[in-house]
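The structure appears below as structure tokens.
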Amino acid sequence: MSSSLRDVAQLTLLVLVFAAAASFVVSFARGLGGFRGAPEPPPAPTQWSAPANIDGRVVGRVEVFNSAGRSGLAREATGLLRDAGFDVVFYGNGSRADSSVVLQRNTDPGVARSAADALGIRSVIVREDASLLVDATVILGADWQQRARRD
């Protein structure tokens, strides 16, 4: 093979390798979002409507955290809230707290105030957060006393 033919073959091979590498880089960058333009804005948070009333009982979505350090409190409070008509979607342990509080998570204070009343908790604080998909968060502190459920 003559040197000029060999040079053309090497140049052709070099161009093919470069094209393959460039194609890979572009494909990788698109996969990372590098060529997608401006990102879409996140969806607007869902606002919860006022709690429904069923047979005179408030229905709202609530989560319960035992922050007292005594076992069984979140389960007990969940039972009391469900008996009162609340939809308790989660219960478990939380970080230690001395005082019990109910956090209002939407723009309507109805569920938070009613949950606090059902559990004998005086403190309700507005901490709106629609991303949690609950109306209220109950935090049972060391001051919360278990109450007997009415079965």
Quiz item: Arg61 side chain to Leu133 main-chain N or O, any donor-acceptor pair under 3.5 Å?
Solution: yes

Quiz item: To the nearest 0.5 Å, how far apart are CZ in Arg105 and CD1 in Ile125?
Solution: 10.0 Å

Quiz item: Linking I/L/V/M/F/W/Y whenever any side-chain heavy atoms sit under 4.5 Å apart, do Leu73 and Ile139 land together?
Solution: no

Practice problem: Establish whether Val101 and Val138 are linked, either directly or via other cluster members, by ILVMFWY side-chain heavy-atom contacts under 4.5 Å. | Solution: no

Quiz item: What distance do Thr78 atom OG1 and Glu63 atom CD have between them, rounded to the nearest 0.5 Å?
Solution: 10.5 Å

Self-check item: Ser67 (side chain) donor-acceptor with Ser95 (main chain) under 3.5 angstrom
Solution: yes

Quiz prompt | Nearest heavy-atom neighbours spanning Ile121 and Trp144 | solution = CG1-CD1, 3.9 Å

Quiz item: Can you name the closest pair of heavy atoms from Pro109 and Thr107 and give their distance?
Solution: CD-O, 3.7 Å

Quiz item: For the residue pair Ala118 and Ala84, what are the closest heavy atoms and their distance?
Solution: CB-CB, 4.3 Å

Practice problem: State which residues pass side chain to side chain donor-acceptor pair (under 3.5 Å) with Asp87; sequence neighbours excluded, sorted by chain then number. | Solution: none

Quiz item: Considering all heavy atoms of both residues, which atom of Ala136 and which atom of Val111 are nearest to each other, and what is their separation?
Solution: CB-CG1, 4.2 Å

Exercise. Spell out, yes or no, whether Leu81 and Leu103 are grouped together once hydrophobic residues are joined by side-chain heavy atoms under 4.5 Å, including indirect joins.
Key: no

Quiz item: Which residues pass the side chain to side chain donor-acceptor pair (under 3.5 Å) test with Gln104, sequence neighbours left out?
Solution: none

Quiz item: How close do Gly72 and Asn66 get, heavy atom to heavy atom, and via which atoms?
Solution: N-ND2, 4.1 Å

Self-check item: Spacing of CD belonging to Gln145 relative to CZ belonging to Arg70, to within rounding of 0.5 Å
Solution: 6.0 Å

Quiz prompt | Minimum-distance pair of heavy atoms, taken over all atoms of Ala112 and Val124 | solution = CB-CG1, 3.9 Å

Quiz item: From Ser99 OG over to Leu140 CG, what is the distance, rounded to the nearest 0.5 angstrom?
Solution: 12.0 Å

Quiz item: Could you give the distance from CG (Leu119) to CZ (Phe86), rounded to the nearest 0.5 Å?
Solution: 8.0 Å

Exercise. Please identify each residue that fulfils salt bridge (charged side-chain N to carboxylate O under 4.0 Å, His left out) with Arg113, with sequence neighbours left out.
Key: Asp117

